[in-house]
Amino acid sequence: MPRMDDAVVVITGANSGLGYAGTKAFAQKGATVVMACRSVERGRDAAESIRSEIPDSSMFNLEVQACDLADLASVRSCAERIRDEYDAVDVLCNNAGVMAIPRRETEKGFEMQLGVNHFGHFALTVELFPALRAADGEARIVTQSSGAHRTGSMDFADLNWEESYSKWEAYGRSKLANLLFAYELQRRLENAGIEEVTSLACHPGYADTNLQMRTAEESGNPLMKLGMRIGNRLLAQSPEMGVLPMLYAATADASGGAYIGPDGLFDMRGYPAIKRSTDASYDHENAQQLWRRSVEATGANLSLTDFSQADESLPAE
Ligand SMILES: NC(=O)c1ccc[n+]([C@@H]2O[C@H](COP(=O)([O-])OP(=O)(O)OC[C@H]3O[C@@H](n4cnc5c(N)ncnc54)[C@H](OP(=O)(O)O)[C@@H]3O)[C@@H](O)[C@H]2O)c1
């Protein structure tokens, strides 16, 4: 990674797993990292821990901002504070996520996995776009997907799983939505002739983080917890390895629309390489339909002709 002394990086889910590893890596390169976390307390603890792990903590800056992706008002005010505080944002990492949890809803009534993993990030991206557009040089929007996007399908008649719910299929859909969004955003940027902001996607392979433990805890099945723990021990790579595709997408020589993932066995581990996601993730029609539904759901709409601000801000509470 290059030095990032003047760069401002915003990363969601920065207090744990890949977000924590990513924050630390950006900080080691001198960046200012805005840790957008659901819990400010957990964010501060994580920031403290990173400061204690990097010898010269005067060389970087960590700032924690509250951002609950399940609450659009929280997303909007997080983006507002960031826009107020910084002239520009160089990198946005849409990283936070939940996996295969029992059906719950966000405060606007969206199924939680799609709500947090996709809608929340869609809104955050739109709200931060003016700051990304203001960066000196190329700004990057990196969206964290998963190999699980392979199991996802879009059912626009029941996007929010109101008729039936499968927690793993819902996770797959949310991760497919991450890719449809990342690629559609890149196409829209290209169509608008904007080269200075690019949208890329990545996935970590299989990394040992809290993600699996949370899934197991929420399942209420002690055997699942044991299984996840053993799986993580035997098969997963470290969060420091798992985050490499995100770091690569954020800083290396890669073009908008690229999908970066580990180059090793079954795409589960290894060093970052440019990969291809499923054909379904490149489906333009579904991407456009998802975009329309995301605008409708969040009230956030990206204007690429007027860079000064988003068309419509999120609906007032
Ligand atoms: N680990 C893997 O093997 C793997 C594989 C494929 C894809 N991924 C993807 O990688 C990303 C990061 O996951 P991870 O593995 O690092 O898991 P993790 O350790 O559980 O971290 C997830 C992060 O997301 C945050 N989060 C959850 N709900 C949120 C909400 N409503 N608003 C804001 N933040 C929220 C969590 O905050 P709290 O700590 O407050 O809950 C945490 O900081 C996810 O998008 C996941 O789908 C991971």
Side-chain angles (χ1 to χ4, degrees), residues 1 4 9-29 31 33-39 41-55 57 60 62 64 67 69 91-101 116-117 121 142-149 171 174-175 178 200-218 225 227-252 259-273 275:
M1 282 170 71
M4 299 184 76
V9 178
V10 176
I11 174 162
T12 62
N15 61 291
S16 175
L18 304 172
Y20 180 95
T23 301
K24 189 173 161 192
F26 287 124
Q28 277 168 324
K29 293 296 175 186
V33 188
V34 180
M35 303 170 69
C37 298
R38 179 163 64 134
S39 152
E41 197 185 342
R42 286 194 287 278
R44 287 196 181 130
D45 288 349
E48 221 26 69
S49 154
I50 290 171
R51 284 189 194 102
S52 71
E53 287 177 52
I54 305 180
S57 60
F60 59 92
L62 300 181
V64 177
C67 182
L69 292 158
V91 177
L92 167 63
C93 293
N94 289 325
N95 164 75
V98 282
M99 175 174 81
I101 53 173
V116 168
N117 300 358
H121 283 127
V142 178
T143 300
Q144 183 80 273
S145 181
S146 163
H149 81 273
Y171 181 62
S174 74
K175 292 286 128 182
N178 285 151
L200 299 90
C202 62
H203 82 101
Y206 181 7
D208 179 7
T209 66
N210 278 337
L211 193 73
Q212 302 83 5
M213 292 307 126
R214 189 146 196 259
T215 303
E217 269 158 29
E218 298 247 10
K225 202 165 179 179
M228 289 287 194
R229 190 160 285 151
I230 294 171
N232 277 16
R233 266 298 144 73
L234 296 181
L235 298 172
Q237 56 181 355
S238 66
E240 289 74 20
M241 282 297 292
V243 81
L244 290 182
M246 187 169 86
L247 300 175
Y248 188 103
T251 63
Y259 178 55
I260 318 290
D263 63 355
L265 192 65
F266 303 125
D267 289 344
M268 288 206 310
R269 50 171 59 241
Y271 288 93
K275 309 294 273 188

Polar side chain donor-acceptor pair, S49 to Y20, under 3.5 angstrom:
yes

Without hydrogens or angle criteria, can the side chains of T143 and H121 be said to hold a donor-acceptor pair below 3.5 Å?
no

Of all the heavy-atom pairs spanning [X] and [Y], show the shortest one and how long it is.
X	Y	answer
A249	I260	CB-CG1, 3.9 Å
A250	V91	CB-CG1, 3.8 Å
I54	A27	CD1-CB, 3.8 Å
A207	S238	CB-O, 4.1 Å
A36	C67	CB-CB, 3.8 Å
L211	G97	CD1-O, 3.7 Å

In Å, rounded to the nearest 0.5 Å, how long is the span from [atom1] of [X] to [atom2] of [Y]?
X	Y	atom1	atom2	result
D45	S39	CG	OG	7.5 Å
N232	T209	CG	OG1	7.0 Å
N95	L69	CG	CG	10.0 Å
L247	K24	CG	NZ	12.0 Å
I50	T23	CD1	OG1	5.0 Å
Q28	M4	CD	CE	12.5 Å

Can you check whether F60 reaches R51 side chain to side chain, under 4.5 Å on heavy atoms?
yes

Using the side chain to side chain donor-acceptor pair (under 3.5 Å) criterion, which residues pair with [X]? Sequence neighbours excluded.
X	answer
E41	none
S16	N210
S146	none
N15	none

Taking it one step at a time, do M1 and F26 satisfy side chain to side chain contact (heavy atoms under 4.5 Å, CB included)?
CA-CA 9 Å; M1 282 170 71; F26 287 124; 3.6 Å; yes

Could I get the full list of side-chain contact (heavy atoms from CB on, under 4.5 Å) partners for [X], not counting sequence neighbours?
X	value
M268	Y206, F266
L234	I230
A252	Y248
H149	S145, K175, L176, L179, Y259, S277, T278, S281

Test your reading of the model: is there a side-chain donor-acceptor pair from N178 to the backbone of N117, 3.5 Å cut-off?
yes

Passes salt bridge (Lys or Arg N to Asp or Glu O under 4.0 Å), R214 versus E217? Steps please.
CA-CA 5 Å; R214 189 146 196 259; E217 269 158 29; over 6 Å; no

Give every residue pair that meets the salt bridge (Lys or Arg N to Asp or Glu O under 4.0 Å) criterion with at least one member in residues 228-243, sequence neighbours excluded.
none

Sequence-distant partners of K275, salt bridge (Lys or Arg N to Asp or Glu O under 4.0 Å), two or more places apart
D267

Please say which of M246, R269, Q144 ends up in a side-chain contact (heavy atoms from CB on, under 4.5 Å) with P204.
Q144

